[in-house]
Amino acid sequence: MTSRRHRVVVVGGGFGGINVTHALARADVDVTIVDRTNHHLFQPLLYQVAAGILPEGLIAPALRNVIRKQANARTLLADVKDLDVHGRMVSAVAPDGRKLALPYDTLVVAGGATDAYFGHEEWAEFAPGMKTLEDARHLRSHILSAFEMAELANDPAERAAYLTFVVVGAGPTGVELVGQLAELAHQVLPREYRSVATTEAKILLLEGAPAVLGAFHPKLQRYTQRRLEKMGVEVRLNTMAIAMDHDSITVQHPGGEERIPARTKIWAAGVRASPLAGMLAAATGAETDRGGRVVVMPDCSLPGYPEVFAVGDMISLDQLPGVAQPAIQEGKYVGKLIRARLEGGTQAKPFRYFNKGSMATIGHLSAVTESFGMRFTGMIGYTMWGSVHVLYLVGWGNRLAAIYTWARALTFTHNRAHRVITFEQARYEVTEHAATDSPGI
Ligand SMILES: Cc1cc2nc3c(=O)[nH]c(=O)nc-3n(C[C@H](O)[C@H](O)[C@H](O)COP(=O)(O)OP(=O)(O)OC[C@H]3O[C@@H](n4cnc5c(N)ncnc54)[C@H](O)[C@@H]3O)c2cc1C
């Protein structure tokens, strides 16, 4: 595509990138989104793919489809490798290895975040995280394979290790994951297994801090812990992972050290900005914070480079948390700012965040939400959580399909319809040391 119009390159088609793009729909520009996946991923519902509730297409519509009505936008499947802010060029590599050079007039980088293992990167092999669709598929295979192997195991210790699931980190993702593991073990699977009592599964939630859901009000923290314990989850606070291997995890708690045999460990303990943040900082001389996030100006631009912006999880601005709303609002703001500049607008106002609150789901018909000083739990919290999440899915088809699937899976049948694994996948999960780059999953 050759163009004489103002060229905007957007790196990343997540919450930040897609909102920049939509905000430029009526601008006199050509927008190119470069993403190394072909989809716009709704990460808040990834755990439901890992738990076999939702099919992946519902939470990951094709980017092409998302922007199909926006004639001034296109998307390319490529991995961005370099940002040349002096030559105004983005370098990327396509899946077949061909190199792409994408010139820009305005650049927006929205690369998101990745898992952080706090100096123990080797743990990624034993305790995968959940950031991408591949991660969720991999976890689903791993969890289902563990139950299958427990059914086959004759040795009680081996069976117990297969039936022990440890989630490290009690933020919203950790809480959601243990909630689903408890539902699988106690409600969905018991009637389907013959040799093993899946209700014997041990589900542990480890948290280094003295409470679950650190960012929430203490009342909601206590409610969440009580609910989880009622569902059969063992919540261990003030407990840090200090070592792990294929078969176990060793933790440090006030009582000392303990080795817990467990074939399934899941990492939900920390995030770090995408490497694109460091790349951008190195190129522009901007600073990064402890989480590797690039420090941006109040209008989300990079210091000294008014034509280069960054938004979402990879930036440090006003101590905003790495959740969807800042990314969405920053994306919209930057899109409008670019348009206003091209139309000769006056100096832009700095970005202002509008805090709509936070929420986390725990399990069957139970969630916690806090919004505008009001707090809700249980069924009311769950209804609010469900409504907001459905609303933010892309497309009415996906929204209706999600409601239908939830009604079936969570309310009436207690079934999880999306539980397909093959022999090869299970073999991979139980013989290879769980890795994050498994092909064919
Ligand atoms: C499991 C999980 C649950 C969550 N739950 C919630 C929740 O309940 N509520 C909430 O508000 N927030 C939640 N979040 C956080 C929320 O999803 C993020 O804050 C939000 O997605 C950030 O948007 P973003 O645009 O910065 O990044 P992302 O949405 O992550 O998008 C980044 C995009 O950049 C692409 N990319 C990265 N590197 C490159 C590269 N080198 N080349 C090309 N493309 C690249 C990626 O493929 C991706 O599409 C959750 C996150 C996770 C992982």
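Whatever order the structure lists ligands and atoms in, that order sets their numbers, starting from 1.
- Counting atoms of ligand 1 from 1 in the listed order, those under 4.0 Å from a heavy atom of A78 are 42 (N), 43 (C).
- There is no side-chain donor-acceptor pair under 3.5 Å between E370 and H217.
- The shortest N or O to N or O distance between G12 and ligand 1 is not under 3.5 Å.
- Near M130, the atoms of ligand 1 lying under 4.0 angstrom from a non-hydrogen atom of the residue are 1 (C), 53 (C).
- Interface of T173 with ligand 1, defined as ligand atoms under 4.0 Å from a residue heavy atom, comprises 1 (C), 2 (C), 3 (C).
- For atom 50 (C) of ligand 1, the nearest protein heavy atom (residue, atom name, distance) is Q43 CB, 4.1 Å.
- Residue contact check: G322 has heavy atoms under 4.0 Å from atoms 15 (C), 19 (O) of ligand 1.
- Residue contacts with ligand 1, taken as heavy atom pairs separated by less than 4.0 Å, involve L276 solely via side-chain atoms from C-beta onward.
- When every heavy atom of S366 is checked against every heavy atom of R227, the shortest pair comes out as OG-NE, 3.3 Å.
- For atom 13 (C) of ligand 1, the closest heavy atom belonging to the protein is P44 CG, 3.8 Å.
- Within 6.0 Å of CZ on F372 lie more than 12 heavy atoms contributed by other residues, nucleotides or ligands.
- Within the 6.0 Å centre-distance limit, the rings of F147 and F165 are counted as a close aromatic pair.
- Residue D79 places at least one N or O, backbone or side chain, under 3.5 Å from an N or O of ligand 1.
- The proximity of A327 to ligand 1, defined as any non-hydrogen pair under 4.0 Å, is limited to the side chain.
- Atom 10 (C) of ligand 1 has as its closest protein heavy atom A324 N, 3.5 Å.
- Heavy-atom proximity to atom 28 (P) of ligand 1, evaluated over A277, G17, G14, is greatest for G14.
- Checking Q329 against Q325 by side-chain atom types alone, a donor-acceptor pair falls below 3.5 Å.
- Using a 4.0 Å cut-off to heavy atoms of T37, the atoms of ligand 1 that qualify are 47 (O).
- Using a 4.0 Å cut-off between a side-chain N of Lys or Arg and a carboxylate O of Asp or Glu, D289 and R293 qualify as a salt bridge.
- What sits closest to atom 35 (C) of ligand 1 on the protein, heavy atoms only, is D35 OD2, 3.4 Å.
- A donor-acceptor pair under 3.5 Å is absent between the side-chain atoms of E176 and the main chain of I362, judged by distance alone.
- Summarising the contacts of atom 44 (N) of ligand 1 with H40, R36, K356, the nearest heavy atom is found in R36.
- Counting atoms of ligand 1 from 1 in the listed order, those under 4.0 Å from a heavy atom of K131 are 53 (C).
- Remark: minimum distance from atom 25 (O) of ligand 1 to any protein heavy atom is reached at G16 N, 2.7 Å.
- With respect to atom 26 (O) of ligand 1, the closest heavy atom belonging to the protein is D313 N, 2.9 Å.
- Remark: M374 CE to I380 CD1 distance equals 11.0 Å, nearest 0.5 Å.
- Near G312, with a cut-off below 4.0 Å to any heavy atom, the atoms of ligand 1 are 26 (O).
- The existence of a salt bridge linking E207 and R236 is excluded, since no basic side-chain nitrogen approaches an acidic carboxylate oxygen closer than 4.0 Å.
- Other residues, nucleotides and ligands contribute at most 12 non-hydrogen atoms within 6.0 Å of the CD atom of Q319.
- Residue-environment remark: CD (E229) exceeds the threshold of 12 foreign heavy atoms within 6.0 Å.
- The protein non-hydrogen atom at the shortest distance from atom 32 (C) of ligand 1 is A110 O, 3.3 Å.
- The shortest contact between atom 42 (N) of ligand 1 and any protein heavy atom is with V80 N, 2.9 Å.
- Side-chain N or O atoms of Q43 include one that pairs as donor or acceptor with a backbone N or O of K131 at under 3.5 Å.
- Applying the 6.0 Å contact sphere to CE of M240 captures no more than 12 heavy atoms from other residues, nucleotides or ligands.
- The two residues I421 and S145 have their closest heavy-atom pair at CD1-OG, 3.8 Å.
- Using a 4.0 Å cut-off between heavy atoms, S358 makes no contact with ligand 1 at all.
- When only modelled atom types and interatomic distance are considered, R74 and T32 share a side-chain donor-acceptor pair under 3.5 Å.
- Between H39 and ligand 1, no pair of N/O atoms sits closer than 3.5 Å.
- Looking at Y392, F15, W385 and measuring to atom 20 (C) of ligand 1, the nearest heavy atom belongs to F15.
- Where the criterion is an N or O separation shorter than 3.5 Å, residue side chain and backbone included, E176 fails it with respect to ligand 1.
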